[in-house]
Amino acid sequence: MKRRNFLKQSALASTSVLVPSFLKAFGGGQLLGSRSGKILVVIQLSGGNDGLNTIVPFQNDIYYKNRPKLAVRKNEVLRLTDDLGFNPALKSLRSLYDDGMMSIINSVGYPNPNRSHFRSMDIWHTASDSNEYLSSGWLGRYLDSDCADCESPYHALELDDSLSLAMKGKERTGFASNNPQQLQKTTSNKFLKTVAQHDHHHEEQVAYLYKTMIDTQNSAKYLAEKSKTHKSRVNYPNNGFAKDLKQIAELITADCDTKIYYVSLGGFDTHANQKNKQERLLKNYAEGVSAFVKDLKQNGLLDDTLIMTFSEFGRRVKQNASGGTDHGTANNLFLMGGQLKQQGFYNAAPQLTDLDKGDLKYEIDFRSVYASILDDWLDADARQILSGRFEKVNIW
Amino acid sequence: MKSSEKINHLYWRAGFGLSPGEWQQKKDWSIKRAVDHLFEEAAQIKPVSSRSEFLQSVDKKAGKLSKEQRKKMMKKSRNLIVKQNALWVARMTDDKHSALLERMSLFWHGHFACVTKNSNLVYKQLETIRTHALGNFRAFVHAMCKDVSMIRFLNNQQNKKRKPNENFARELMELFTIGQGNYSEQDIKEAARAFTGWSSDKQGNFEFKERHHDDGYKSFMGKTGHFNGDDIVNIILDRPETAAFITRKIYRYFVNEKVDEKRVNELSRAFLKSNYDIKKLMLSIFKSDWFYESKNIGTKIKSPVELIAGIMRNLQVDFKNPKSLMFIEKALGQILFIPPNVAGWPGGKNWIDNSTLMLRLNLTYYLYGKSDVNFKVKDELEAKKRGQAFRRIEGNINFEPLLNTFDNKSNAAIFDAMKTYLILPPIRLNESDFYPYVYKTHSSDYIKSLAMRMMSLPEYQLC
């Protein structure tokens with residue numbers, strides 16, 4: 001047993017001894033939650049979210065000079081610190097921030113940034129260097145590493161019809177399902193069930209196909225059952241993203257064996273008419289996440305959950321001629337949860353006086369964030385999974 | 001092993017399987033006859049229809065275009081790339097074209113992986129690939145180093161004497177020729193200098209820009225001189241490690257992912273000795289006895305394009321709408337002309353996860369039943385739309401050739417013949433296991449329903 005595991009378990013044991021029985025009855029749900037281990041939820045904002053209009057440097061003249069049309073007006077910013085504040089569309093995240101459930105890391109990126117959506121997304125998914133091509137993702141390699149309880153195929157679940165590269169390891173892969181009930185219908189086809197009974201193949205590739213097929217059948221059944229176990233009592237907004245988050249909350253509350261959830265919100269590639277588009281998306285994001293956090297909190301599960309939100313890159317400092325912004329580099333990244341040590345802003349606002357050809361310079365490598373999550377949240381070996389050492393961010 | 005099983009293996013690896021008609025004609029051929037025939041067909045490259053349309057310039061920077069015109073131009077280019085995609089798959093499946101040539105081209109497309117938005121550059125690159133696919137690898141590399149989409153894709157436009165860009169030089173060595181571990185970082189720097197000025201004009205032709213070229217002394221892989229890009233290619237190709245790297249990749253793709261080191265060594269020595277004669281190398285593989293050993297048969301996971309082309313051959317499918325084809329390619333993870341990055345498609349088990357496998361197993365049913373596919377492909381840039389994403393695959397199956405080929409007196413005989421035709425690895429299900437799921441009264445119904453069931457076995461995913 002790893003030292004950390006041991007500490008966790010003994011801490012748990014001691015709480016249950018020390019907590020008076022009337023409190024135990026009250027907080028029973030909480031203890032039940034922590035017994036199942038840590039949960040990671042990754043939210044991907046696809047298309048390159050404009051970080052500067054998300055977390056607004058409202059005291060910075062350079063920001064206003066570069067974005068005469070697009071800047072968020074000073075009096076509209078929801079001020080968080082002396083110089084940084086939320087885009088008003090993030091209103092519903094305000095209480096999360098005030099209650100210390102949110103950490104914002106500024107200027108996250110990587111050396112020699114790539115401005116292609118697909119390439120930069122691959123770099124984030126595989127945790128590679130800019131000039132390195134990997135065919136496995138960071139969460140997939142986490143599944144490959146000897147992580148605890150990883151053997152179930154639905155240990156990592158993506159709420160989508162297809163699986164992202166981040167979730168594909170060399171040996172194991174995550175599981176993609178937008179709708180477990182639907183998937184169960186597709187997989188419970190009688191013929192495929194008969195086929196499944198003729199497993200026991202020795203040749204590696206056939207065996208792999210059979211294993212994947214049977215795992216899919218079983219997982220769809222398990223997830224469909226689990227998703228019926230608990231119905232959320234929180235009101236979620238009526239959109240696809242919020243629906244995904246609601247499903248995740250229901251699975252977490254039902255103590256599903258899934259420990260990693262992956263969900264995307266797309267449309268952030270705002271080259272033209274950015275203001276309305278981005279603010280509508282940010283609103284969807286904030287309202288969805290805020291309902292999700294409320295839901296987890298009500299069920300005493302927020303302390304066991306970490307939510308990371310990222311985008312493949314930020315956008316250029318200067319607005320373009322079409323009322324939008326073009327592909328940029330470093331960006332802010334959000335962490336949310338009930339156990340953040342460093343709440344609020346992790347580091348200072350991005351340096352707008354020190355740009356690289358009009359783009360923000362990164363200060364924190366995204367793999368430093370991964371390393372902290374892997375080592376300190378998931379209790380894994382970040383050095384092995386990321387094949388290298390990245391200085392960790394101390395968030396919890 | 002039946003000789004027809006060997007023939008099927010050959011045509012699956014050197015092509016995309018056989019149509020029922022071809023199967024009837026060729027299943028009893030000797031290996032020698034079949035291999036010779038494949039290479040005879042490949043010797044003649046049949047012209048591509050709509051060639052002149054594809055060669056039209058779609059450079060959005062050329063001339064003075066309004067924003068609207070530029071947008072229109074890009075849209076036209078995108079549509080032409082989709083059209084080329086469908087046309088290429090059609091060539092893979094039409095027995096009037098050389099399946100071997102298209103198969104080799106598909107391999108090299110994954111090897112010299114490249115993405116461009118200009119349809120005419122896509123066209124030119126595929127033409128270069130076809131020209132050299134079974135030719136001389138040395139000449140091939142020289143041609144790809146002057147290929148404009150490759151130059152642009154790997155930033156060699158920005159590789160100038162005053163400010164070298166190493167991307168092209170790095171990938172040339174790491175991925176296209178000699179492989180990692182056989183060169184130093186200094187070699188990359190020197191090679192990048194040699195390729196300075198290798199650029200393109202606005203019409204999409206190769207252009208050597210002398211004023212950006214660094215003509216100074218370079219020291220590369222132990223040699224010194226006023227090297228240019230061609231010299232660098234020749235020095236790399238003189239190294240036996242390059243022959244070994246390419247042979248190994250060919251072996252893993254065409255023979256077995258598990259490499260028999262002794263065989264690869266023999267093949268690679270002969271490849272180098274022949275001065276990189278690709279045709280000779282492929283002939284020696286397909287004519288060898290070991291290629292037909294059972295450990296090499298039915299052990300390769302079909303790539304999405306191989307799977308689609310194979311289904312199209314087996315069932316004589318005609319896609320009414322190229323978008324249906326694009327949807328399948330996208331959902332299964334292999335869109336022609338859009339490899340994930342310069343390293344190409346990783347292949348093998350990487351094709352498979354729970355989502356792609358279920359779609360693969362149900363694919364023929366979606367075609368047959370014309371039922372809606374409940375699957376939404378990822379579009380990173382678009383906002384997720386609400387509601388279900390049903391999509392119909394618009395394609396027609398022509399069962400006639402299948403019925404003509406497999407009609408027989410007894411169902412048992414039909415079963416055995418179809419099994420040999422459709423499935424390469426051994427299967428554990430008996431004829432009776434299929435009974436609850438097939439129609440047995442009329443032989444035509446039996447053939448159709450059995451084909452559908454067999455093609456949804458995991459074993460059909462292998463070749």
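Chain A is the first sequence line, chain B the second, and so forth, proteins listed ahead of strands; every chain is numbered from 1. All values derive from a computational prediction rather than experimental measurement.
- Residue A:S162 comes nearest to B:S355 through the heavy atom pair CA-OG, 3.5 Å, listed as atom of the first residue, atom of the second, then distance.
- Rounded to the nearest 0.5 Å, atoms CG (B:L457) and NE2 (A:H198) are 10.5 Å apart.
- From A:F191, atom CZ reaches atom CG of B:D433 across 9.0 Å, with rounding to the nearest 0.5 Å.
- Residues passing the ring-ring contact (aromatic ring centres under 6.0 Å, His included) test with A:Y210 are A:H201, sequence neighbours excluded.
- Ranked by heavy-atom pairs under 4.5 Å with chain A, the list B:I427, B:I301, B:T356 is led by B:I301.
- The contact between B:E257 and chain A is made entirely by side chain atoms (from C-beta outward), counting heavy-atom distances below 4.5 Å.
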**Message:** Applying side-chain contact (heavy atoms from CB on, under 4.5 Å) to A:N189 and B:N362, what does each step give before you reach the verdict?
**Reply:** CA-CA 10 Å; A:N189 155 346; B:N362 287 314; 4.2 Å; yes
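- Atom CD1 of B:I338 and atom CZ of A:F118 lie 7.5 Å apart (nearest 0.5 Å).
- Judged as a salt bridge (Lys or Arg N to Asp or Glu O under 4.0 Å), the pairs with a partner in residues 162-184 of chain A (not counting sequence neighbours) are, in order, A:K168-B:D353.
- The residue among B:E171, B:E174, B:Q461 with the most heavy atom pairs within less than 4.5 Å of chain A is B:E171.
- Ionic pairing of A:E204 and B:K349 is present here: one or more N-O contacts between side-chain nitrogen and carboxylate oxygen are shorter than 4.0 angstrom.
- Within a 6.0 Å sphere centred on NZ of A:K185, heavy atoms belonging to other residues, nucleotides or ligands number 12 at most.
- Rounding to the nearest 0.5 Å gives a distance of 14.0 Å between CH2 of B:W351 and CG of A:L209.
- Going from atom CE of A:M213 over to atom CD1 of B:I352 covers 12.0 Å, rounded to the nearest 0.5 Å.
- For the side-chain contact (heavy atoms from CB on, under 4.5 Å) with B:N354, the lone residue among A:T187, A:T173, A:L183, A:D215 that qualifies is A:L183.
- Heavy-atom pairs under 4.5 Å with chain A peak, among B:R360, B:R170, B:K67, B:R428, at B:R428.
- Contact record, A:T216 with B:M358: CG2-CG, 3.7 Å, taken as the closest heavy-atom pair.
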